[in-house]
Amino acid sequence: MNTLTGKRPSRRRGGDESVDRLGVAVVGLGGAVATTAVAGVELLRLGACGQDGLPLAARTDLVPYEALVFGGWDVSADDLAKAAHLHQVLEPAQIEAVAPRLQRLRPWPAIADPDYCRGVTGANVAPSGSLRERTDRVRDDLRRFRSEQELDEVVVVNLASTERQPDPAAPSLASPEAFEAALDGGDEAITPAMLYAYAALREGMAYVNFTPSVGADVPALTLLAERQGVPIAGKDGKTGQTLVKTVLAPALRSRALRVEGWYSTNLLGNRDGRALEDPGSLASKTATKESVLDAVLGYPVEDHRIRIEYYRPRGDQKEAWDNIDLVGFLGRRMQMKIDFLCRDSVLAAPLVLELVRLLAEARRRGERGVQEQFGFFFKAPMTVGGRVPEHALHRQESALLEWLDGRAPRDARP
Ligand SMILES: O=P([O-])([O-])O[C@@H]1[C@@H](O)[C@H](O)[C@@H](O)[C@H](O)[C@@H]1O
């Protein structure tokens with residue numbers, strides 16, 4: 001601590017101002033993904049777990065995992081130790097090892113709107129008020145978090161339950177000015193996810209949307225991010241089934257094996273699965289899951305089906321089953337079956353940790369607006385000017401690594 005300024009001294013990397021304490025303000029802090037991410041960092045800090053599942057663990061030029069400081073909002077007020085026990089992602093012994101630190105984390109009251117997310121509700125909600133009052137409240141939370149925790153930077157991450165889509169053509173979403181006016185006047189096209197995104201941007205904080213909800217991906221907020229000089233990335237983490245799809249589909253295309261149909265089923269019983277029982281929320285998720293295949297193959301697959309079933313006994317242990325119908329040489333048909341018995345939050349949490357570190361790096365480099373080079377992590381990567389995103393994982397990885405190594409000028413990325 002510097003006794004003159006009252007601030008901790010900053011480490012310096014390569015002559016640049018660096019980050020000692022990186023705040024992570026999570027929308028949905030009590031959820032399975034967030035509790036796994038927080039507990040994971042605590043276990044890493046204790047040296048009680050390895051780095052499997054963390055794709056950028058070798059990048060010592062990024063903020064270390066141990067520098068992350070968590071806070072955030074949730075509709076449940078349970079502390080994170082209790083939440084972690086409920087979600088049953090971690091072993092009880094893993095939770096016990098870090099319980100004192102998890103118990104100290106209690107979510108702040110959330111901005112919730114049951115009209116946008118019917119499946120998951122709770123009592124830990126901020127008093128309702130105008131849209132402006134709600135964003136003011138979120139901004140206060142962020143400022144308090146930054147000062148109380150003596151943070152150098154804060155990244156805001158959306159990990160909340162999936163919302164239904166708003167009307168994308170609503171005039172209030174078309175420009176920052178229209179959005180500002182709508183905050184004062186009220187507008188049902190403005191979703192809770194957008195309120196958090198707006199608050200982050202106005203506070204000059206980077207924003208990541210790991211959900212299919214519409215957050216910063218409307219013209220009003222992408223433009224605001226540019227103006228505020230803040231990097232943003234999204235959306236919807238590419239964790240299990242879609243990860244496999246975007247590895248396999250480029251290979252099938254390379255071998256000219258025509259995909260006639262691709263049937264993808266998901267069985268899961270976690271809180272996300274419950275949220276997706278609502279048809280509005282489900283439509284948001286299937287839209288991001290559907291978006292990848294035609295773009296990778298270069299032709300439409302009429303029979304690309306996505307099914308998501310909430311099946312409680314599985315909890316977070318998701319089964320993602322795929323059947324692929326292929327046509328090869330001489331018109332002969334073949335089938336391929338994949339059964340991925342995965343753990344939803346174990347796949348997702350490390351990606352969240354990497355994204356937070358990357359957004360901090362983008363901020364350090366003075367990047368602003370949509371960060372396409374982080375498309376590697378998303379099912380529906382945000383792009384500049386709405387161009388079709390790259391979905392093939394190997395090309396996304398190259399773009400990310402080139403950016404990390406400083407080889408790709410920002411406007412030359414795919
Ligand atoms: O990444 P992926 O396995 O294709 O997609 C998954 C969805 O099918 C699932 O419904 C959701 O709960 C997961 O968080 C993840 O988004």
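Keep in mind that what you see is a predicted model, and the values were worked out from it rather than measured. Counting starts at 1 for both ligands and their atoms, following the listed order.
Residue L243 has no nitrogen or oxygen atom sitting less than 3.5 Å from a nitrogen or oxygen atom of ligand 1, judged on distance alone. Of the N or O atoms in D344, one or more lie within a sub-3.5 Å distance of an N or O in ligand 1. Taking distance alone, with nitrogen or oxygen atoms compared against 3.5 Å, N270 stays at or beyond that limit from ligand 1.
Looking at atom 4 (O) of ligand 1, its nearest protein heavy atom turns out to be T242 OG1, 2.4 Å. Here the protein heavy atom with the shortest distance to atom 15 (C) of ligand 1 is K379 NZ, 3.5 Å. Given atom 12 (O) of ligand 1, the protein heavy atom at minimum distance is D272 OD2, 2.4 Å. Of all protein heavy atoms, the one closest to atom 6 (C) of ligand 1 is K318 NZ, 3.2 Å. K289 NZ, 2.6 Å is the protein heavy atom nearest to atom 8 (O) of ligand 1.
For the pair L355 and V157, the minimum side-chain heavy-atom distance is 4.5 Å or more. In this structure, the side chains of R314 and L268 stay at 4.5 Å or more apart for every pair of heavy atoms.
A salt bridge does not link D236 with K289: every distance from a Lys NZ or Arg NE/NH1/NH2 to an Asp or Glu carboxylate oxygen is 4.0 Å or more.
Contact analysis puts G237 in contact with ligand 1, with a non-hydrogen atom separation below 4.0 angstrom.
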Extract all donor-acceptor atom pairs below 3.5 Å that involve side chains of residues 63-72 and protein atoms in other chains or at least two apart in sequence.
| unit_1 | atom_1 | unit_2 | atom_2 | d |
| --- | --- | --- | --- | --- |
| Y65 | OH | A57 | N | 3.4 |
| Y65 | OH | E354 | OE1 | 3.2 |
| Y65 | OH | E354 | OE2 | 2.9 |
| Y65 | OH | R357 | NH2 | 3.2 |

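Atoms of ligand 1 found under 4.0 Å from any heavy atom of Q241 (numbered from 1 in listed order, with element): 2 (P), 3 (O), 4 (O).
Shown here is R227, whose CZ atom has more than 12 heavy atoms of other residues, nucleotides or ligands within 6.0 Å. Heavy-atom neighbours of R164 CZ from other residues, nucleotides or ligands within 6.0 Å: above the threshold of 12. By the 6.0 Å contact criterion, CZ on F329 is open, its count of non-hydrogen atoms from other residues, nucleotides or ligands being 12 or less.
Side-chain contact annotation: Y198 with E180, donor-acceptor N/O pair under 3.5 Å present.
Residue K245 does not touch ligand 1, judged by heavy-atom distances below 4.0 Å. At a heavy-atom distance under 4.0 Å, atoms from both the backbone and the side chain of T239 approach ligand 1. Within the 4.0 Å heavy-atom criterion, the part of L276 lying near ligand 1 is the side chain and not the backbone.
Residues meeting the salt bridge (Lys or Arg N to Asp or Glu O under 4.0 Å) test with D74, sequence neighbours left out: R271.
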